[in-house]
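These notes are about the structure you will find just below.
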Amino acid sequence: MNLYLHKYEPVIGLEVHAQMKTKSKAFCKCSTEFSAPPNTNVCPVCLGHPGTLPVLNKNLVEYILRLGLSTNCNIRERSIFARKNYFYPDLPKGYQISQFDQPICEGGHIDLENKRIGITRIHMEEDSGKSMHDFSSDETLVDLNRCGVPLIEIVSEPDIRTSKEAFDYLTILKQLVVYLDICDGNMEEGSLRCDANVSVRLKGAEKFGTKCEVKNLNSFKNVSDALEHEIERQIGVLESGGEIIHQTMTYDAKARVTSPMRSKEEAHDYRYFPEPDLVTVKIDEDWKQRVKLSLPELPEEKAKRFIADYNLPQYDAEILTQNKAIAEYFEKVCKGIDESSFKTASNWTMTEVMRVLNDENISIEGYWIKDKNLSSLIKLIAEGKISNNIAKEVYQEMLAVKDEEDPGQDPANIVKEKNLIQLSDSGEIEKIVKKVIEDNPKETARYKGGEVKLLGFFVGKVMKESKGKANPQTVNELLISILG
Ligand code: ADP
Ligand code: ZN
Ligand code: MG
């Protein structure tokens, strides 16, 4: 932490681009598929050939409305597109279609735990192509598949004050776009891209300081690290009597420094003007209502429902609903078990399932234990057929079977095969208890003489003799009654 941070206050505003999951591009019928060979998902429209006309993809409007309505934005009844002009080899038209002074969504907000962050605007635009410098040392290749892929840009008010708040804002925004099913939310793969605007001012000052914009932030951690460094850099400049110059910075995650970008990239004169080839986007009350009604259950509501339907503590409900797909997995597991085991299912999901996701660095989509098999395992515990400890053993066996259709992953089969069924038959257990007492006359005498703490010794012996399968409660009861 910077020594001078008590003296200064950072001011942060984020501009986030989210790639929409529509099947086709924003203004033509080309596919948005990610892994197609270079320059195969292109047509005269997205290549900007003369004489072609763009046609707006209605789904893009639906998608941006979902986010706009979920963040309490005002939806403009009539919004228009604008051309943002600049030259770049991966921009064949020489301009990007975007929205400028009449964006479709304005004036919303996202609530952090203790704070509301304003959303200035959310608008639609198209992506550019991609220049690739890594294929050879003296050539740059251009892939135009991404040209015209639909993006939305979410611009926050300068309401963010710390790198932690920036991180939290992004986390909630990501969660929201994933829940709304409009973006896959993957920052590392570029489906979410964040530019961070930051300035510092003396605490108590009213006027904002001069801001710098940090680009090249491709993970949540990079955003918060870059902000920390940029804040320190700016305070350093001011403290040594310097002045902040308004410029675009890039963050080098390896060297952990922010540095100015080539000045070419800063020449911000886009000569925006209204796009003459697209008609005004008109949103009537009906359309808004339809989208409103179609909005899925969002994390907060889902957590509330989990508390009510599964009788879970708030903590569990929040953890389980952080990720939509994990929440769905949990609900599927619960379909296969009794109400009395919902908390057990929550515990298993939060610990055993999430641990594997962490260890393997995979998402729940890649988790290979079938929900039905986890339900069966929980049922075996609930029915007293296996103890918790044995269940963990069985779980390890299940994990070893990667094919979820393989009957070898079914815990019932594992338990049968390995003969792990818990001994609950008190007649059987009694035999073992009696044998252990016979085998240990000295300890028996001491126990009878008042050394009751030796009970643990006997329990251990019985459990060992039963290979861990004896029901511990029955063992305890029998020992106490037989030892007298
Ligand atoms: P520009 O005209 O440079 O694009 P905008 O006013 O459009 O600037 O704001 C872009 C982003 O920068 C927004 O997210 C906004 O909240 C943020 N921002 C604006 N002024 C400041 C400032 N002084 N310090 C930090 N962030 C700022
Ligand atoms: Zn096309
Ligand atoms: Mg701006």
Side-chain angles (χ1 to χ4, degrees), residues 8-17 22-33 36 39-49 52-57 60 84 91-93 97-101 103 106-110 116-123 125-129 143-150 153-163 165-166 169-170 173 193-202 205-215 217 223 226-227 230-231 233-235 238 243-249 258 265-270 272 277:
Y8 291 93
E9 177 182 58
V11 170
I12 299 163
L14 299 181
E15 294 169 290
V16 177
H17 282 98
T22 55
K23 286 209 169 56
S24 53
K25 293 187 179 179
F27 305 109
C28 63
K29 290 219 157 79
C30 291
S31 162
T32 53
E33 197 215 329
N39 300 307
T40 54
N41 288 339
V42 290
C43 74
V45 175
C46 53
L47 293 176
H49 288 193
T52 58
L53 286 173
V55 177
L56 175 60
N57 181 343
L60 170 55
K84 179 179 180 179
L91 189 73
K93 292 206 292 269
I97 302 178
S98 180
Q99 295 193 289
F100 185 52
D101 57 348
E106 284 173 306
H109 56 80
I110 279 183
R116 175 160 288 183
I117 307 297
I119 291 182
T120 316
R121 56 187 279 154
I122 311 176
H123 69 251
E125 61 185 33
E126 59 175 340
D127 211 343
S128 60
D143 177 6
L144 298 175
N145 281 348
R146 227 177 53 183
C147 266
V149 164
E153 181 173 349
I154 305 115
V155 181
S156 89
E157 289 288 310
D159 289 345
I160 300 167
R161 292 290 171 268
T162 62
S163 58
E165 281 178 10
Y169 169 86
L170 284 174
L173 182 57
R193 300 168 218 160
C194 174
D195 298 335
N197 298 272
V198 55
S199 62
V200 296
R201 62 179 170 187
L202 284 173
E206 220 166 279
K207 218 171 142 239
F208 288 153
T210 304
K211 73 174 156 79
C212 289
E213 184 176 0
V214 190
K215 293 192 179 261
L217 303 170
V223 173
L227 282 170
E230 180 59 16
I231 290 164
R233 185 192 71 84
Q234 292 187 11
I235 292 175
L238 294 176
E243 225 176 89
I244 303 298
I245 306 161
H246 178 202
Q247 57 189 352
T248 305
M249 314 290 285
T258 50
E265 315 241 345
E266 291 174 54
H268 277 322
D269 184 8
Y270 293 127
Y272 278 102
D277 290 343

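Atoms within a ligand are numbered from 1 in the order they appear, just like the ligands themselves.
Annotation for ligand 1: atoms under 4.0 Å from non-hydrogen atoms of V155 are 13 (C), 14 (O). Applying the 4.0 Å criterion to heavy atoms of S156 picks out, from ligand 1, the atoms 13 (C), 14 (O), 15 (C), 16 (O). Every atom of ligand 1 is numbered from 1 in the order shown, and the set under 4.0 Å from a heavy atom of E157 is 16 (O). Counting atoms of ligand 1 from 1 in the listed order, those under 4.0 Å from a heavy atom of F208 are 23 (N). Residue V11 approaches ligand 1 through these ligand atoms, each under 4.0 Å from one of its heavy atoms: 24 (N), 25 (C).
Between the side chain of E126 and the backbone N or O of I97 there is at least one donor-acceptor pair closer than 3.5 Å. Between the K29 side chain and the S24 main chain, no donor and acceptor come within less than 3.5 Å of each other.
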Under the side-chain contact (heavy atoms from CB on, under 4.5 Å) rule, what do V214 and L227 come out as? Steps first, then yes or no, please.
CA-CA 8 Å; V214 190; L227 282 170; 5.5 Å; no
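With a 4.0 Å heavy-atom cut-off, ligand 1 is reached by the backbone of L14 but not by any atom from C-beta on.
At least one side-chain heavy atom of L202 sits under 4.5 Å from a side-chain heavy atom of Y8.
Scored by the salt bridge (charged side-chain N to carboxylate O under 4.0 Å, His left out) test, R146 finds D127 as partners (sequence neighbours excluded). R116 meets the side-chain hydrogen bond (donor to acceptor under 3.5 Å, both in side chains) test with H109, D111; sequence neighbours excluded. Partners of E153 under the side-chain hydrogen bond (donor to acceptor under 3.5 Å, both in side chains) rule, at least two apart in sequence or in another chain, are H17, H123.
Judged by distance alone, the side chains of T248 and E213 never bring a donor and an acceptor atom under 3.5 Å apart. Judged purely by distance below 3.5 Å, without hydrogens or angles, the side chains of N41 and E33 never pair a donor atom with an acceptor atom.
Using a cutoff of 4.0 Å between basic side-chain nitrogens and carboxylate oxygens, R201 and E9 are scored as salt-bridged.
Checking only distances, H246 never comes within under 3.5 Å of ligand 1, N or O to N or O. Residue contacts with ligand 1: E15 is placed with no nitrogen or oxygen under 3.5 Å of a nitrogen or oxygen of the ligand (distance criterion only).
Below the 2.8 Å limit, the Zn ion (ligand 2) has as protein N, O or S neighbours C28 SG, C30 SG, C43 SG, C46 SG.
When the heavy-atom distances from atom 23 (N) of ligand 1 to G209, P158, C212, G13 are ranked, the shortest goes to G209.
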